[in-house]
There are 2 protein chains.
Amino acid sequence: MKQNIKVAVDAIVFGYSHNQLMVLLIRRKYGELKGQWALPGGFVKDDEGLDTAVVRELQEEAGISVNFLEQLYTFGDQVDRDPRFRVISVAYFALVNPSRLVLKADTDADDAQWFPIQGLPALAFDHADIIRMAVARLQSKLQYQPVGFDLLPEQFLFSDLEQLYATILDQAIDRRNFRKKILSLGVVEETTQKVQQQSGRPAMLFRFNKRKYQKLQKEGISFEIKFA
Amino acid sequence: MKQNIKVAVDAIVFGYSHNQLMVLLIRRKYGELKGQWALPGGFVKDDEGLDTAVVRELQEEAGISVNFLEQLYTFGDQVDRDPRFRVISVAYFALVNPSRLVLKADTDADDAQWFPIQGLPALAFDHADIIRMAVARLQSKLQYQPVGFDLLPEQFLFSDLEQLYATILDQAIDRRNFRKKILSLGVVEETTQKVQQQSGRPAMLFRFNKRKYQKLQKEGISFEIKFA
DNA sequence: AGACTTATGCGTATTGCATACACAAATATA
DNA sequence: TATATTTGTGTATGCAATACGCATAAGTCT
């Protein structure tokens, strides 16, 4: 059995800070593409699972562990997507919340960096395409799964959640209807704490109800078509 | 760069006949697992894309070409899913309509066969898991994409379409509401032909409006959440 | 101190779509 | 001719998404 194809994993890690959707990128240190920015990832070892490989690479390259991880798509239709040799890449979709957003300087701090989704640098390989697909996935996910939890801190303002949806979906949101919708799902709870912003009425802090959240994450948000 | 992982593709091909959901399986001819049933598929060549590989394998192993093909998932978390050596498999989801349902005897007719989803034989590798995931995908797809077209003949009865949904989703359907729903999407058109079944009122033949169908297939069926 | 600005929090009317359900039409068969 | 069988259509109800207005609680400006 002769076959000469290498298997890599890549991760698109999304974070949310300062009202912006961010993506984690790594500056390549070696080889032809040295200096270029790319998604974190690398080759899979012979004795490790694909999932294990992503987790390891994220730890090695950015010292980060994620809140949410799922397979996105496997890129391998184009034989020459890697200029060096034939590589197929299993791409993973990941989310981190702010408490894990800080990049440890395991590797040089300079090599791993967050970029806002609108201001990405030139990327190696087909990584720009991969990110585009990941953004689409995030957007659609937002509509049928309560994903916000994995991007927000423990406690947050309702306006934060609203901003997050507005930013990622890139559309205006009616605050009142949004609130009604989210509260009706029962995934967020009011805490007893208030927070004072710049000016205006102080806001209540909210937190996610983890149980209901995880339940809904599995089941999906309540819309199924029922003919019967 | 030392890595010893082989890349395979497998296809879950669904067909629909005699009011049953069918899956295409292949009997393995060689090796340790000789005689066992498995999904059609095989190793990817060094100079072909993943998508090309699936199409080729389906042609080689069953002499079949499909109506719909999309990537399902890549299986590679378990290192020993293939007893021979490390293999990751990119699984594809495919649909064929009855006009292509016939298996050419390219290979022995005996080696490729349709099985009803409820009556599958013992399967090699983790192929039973793969099929389970594919069925779930088909069921959910049915709810947000007009998939029926790729499983039905050019012209069909409304009751066929209804039966198909009922069979795959495994639930009873209210004929009147189903009809209303589907017609409101505008993807099916009445033809001028009537057909007489066993007894009862003769039924009109319908066909899909390909344009609207393809449009909806890309956009998804009309439910987005709009907060604004 | 009072008027104004800013942001939060809540309520109500409307509309559209999913659901539930009943009967007429057109054929075969007994 | 009556009965069974399958197709085809219509209407009432309820819930959820949308649209929209206003009160509340702060800071800020004059």
Side-chain angles (χ1 to χ4, degrees), chain A residues 18-19 142-144 146 148 152 155-167 169 171-207 216 219-228, chain B residues 18-19 142-144 146 148 152 155-167 169 171-207 216 219-228:
Chain A
H18 304 288
N19 289 339
L142 217 53
Q143 309 214 320
Y144 66 89
L152 288 177
Q155 306 207 355
F156 55 91
L157 304 178
F158 223 103
S159 49
D160 290 338
L161 189 61
E162 184 194 322
Q163 263 301 310
L164 184 144
Y165 272 75
T167 302
L169 296 179
Q171 63 174 262
I173 288 179
D174 182 286
R175 186 164 33 95
R176 297 155 291 188
N177 292 336
F178 178 76
R179 200 187 180 94
K180 217 184 304 176
K181 171 87 184 177
I182 299 290
L183 286 176
S184 77
L185 295 175
V187 283
V188 297
E189 308 172 323
E190 229 180 52
T191 66
T192 52
Q193 301 170 61
K194 286 187 183 181
V195 157
Q196 183 58 36
Q197 300 285 75
Q198 319 275 7
S199 85
R201 178 171 174 172
M204 298 298 301
L205 276 173
F206 287 80
R207 64 163 163 257
L216 272 193
E219 296 175 2
I221 294 179
S222 70
F223 40 94
E224 315 129 34
I225 317 180
K226 289 180 187 167
F227 305 108
Chain B
H18 304 289
N19 289 338
L142 217 51
Q143 310 213 320
Y144 66 91
L152 289 177
Q155 304 205 358
F156 55 91
L157 305 176
F158 223 103
S159 50
D160 290 338
L161 189 61
E162 183 193 323
Q163 264 300 312
L164 184 146
Y165 271 74
T167 303
L169 296 180
Q171 64 174 266
I173 287 180
D174 182 285
R175 188 163 34 91
R176 299 157 289 189
N177 292 335
F178 178 76
R179 201 185 180 94
K180 217 183 306 175
K181 170 91 185 175
I182 299 291
L183 287 176
S184 76
L185 295 175
V187 283
V188 298
E189 308 171 323
E190 230 179 52
T191 66
T192 52
Q193 301 172 61
K194 285 186 182 182
V195 157
Q196 181 58 37
Q197 300 286 76
Q198 318 274 10
S199 85
R201 177 172 175 171
M204 298 299 300
L205 277 173
F206 286 79
R207 66 162 162 260
L216 272 193
E219 296 175 3
I221 295 178
S222 70
F223 41 95
E224 315 130 35
I225 318 178
K226 289 181 186 166
F227 305 109

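From a predicted model like this one, the values you see are computed outputs, not experimental measurements. Note on naming: letters A, B, ... go to the chains in the order of the sequence lines (proteins, then strands), and numbering restarts at 1 for each one.
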> Taking all atoms of both residues into account, what is the closest heavy-atom pair of A:Leu183 and A:Val188, and its distance?
Replying inline: CD2-CG2, 3.7 Å
> Does A:Lys180 put a side-chain nitrogen or oxygen below 4.0 Å from OP1 or OP2 of D:dA17?
Replying inline: no
> Hey, does the side-chain of B:Asp174 have a donor or acceptor N/O within less than 3.5 Å of a partner on the base of C:dA20?
Replying inline: no
> Which nucleotide sits closest to the side chain of B:Gln196: C:dA28, C:dA18, C:dA7?
Replying inline: C:dA28
> Between C:dC10 atom C1' and A:Glu190 atom CD, what is the distance in whole Å?
Replying inline: 12 Å
> CZ of B:Phe206 versus P of D:dT7: gap in Å, rounded?
Replying inline: 11 Å
> Within the structure, does a side-chain N or O atom of A:Ser184 lie under 4.0 Å from either OP1 or OP2 of D:dA16?
Replying inline: no
> Looking only at N and O atoms, is any donor in the side chain of B:Arg201 or the base of D:dT7 less than 3.5 Å from an acceptor on the other one?
Replying inline: yes
> Any donor-acceptor pair under 3.5 Å joining the side chain of A:Arg176 to the base of D:dA19?
Replying inline: no
>> Taking 4.0 Å as the cut-off, does a side-chain nitrogen or oxygen of B:Ser159 come that near to OP1 or OP2 on D:dT6?
In response: no
> Within the structure shown, what part of the strands sits under 4.0 Å from B:Arg175 by heavy-atom distance: base, sugar-phosphate, or nothing?
Replying inline: base
> Can you name the closest pair of heavy atoms from B:Met204 and B:Leu157 and give their distance?
Replying inline: O-CD2, 3.5 Å
> In whole Å, what is the span from the CZ atom of A:Phe178 to the C1' atom of C:dT8?
Replying inline: 14 Å
> What's the shortest heavy-atom distance between B:Ile173 and B:Tyr165, and which atoms?
Replying inline: CD1-CB, 3.4 Å
> Between A:Leu161 (CG) and C:dG9 (C1'), how many Å, whole number?
Replying inline: 16 Å
> Closest heavy-atom contact between A:Arg207 and A:Phe156?
Replying inline: CA-CE2, 3.8 Å
> Could you give the distance from CD (B:Glu162) to CD1 (B:Ile182), rounded to the nearest 0.5 Å?
Replying inline: 10.0 Å
> Out of D:dG8, D:dA17, C:dT27, which nucleotide sits closest to the side chain of B:Pro202?
Replying inline: C:dT27
> What is the distance from CD1 of A:Ile173 to P of C:dT8, rounded to the nearest Å?
Replying inline: 13 Å
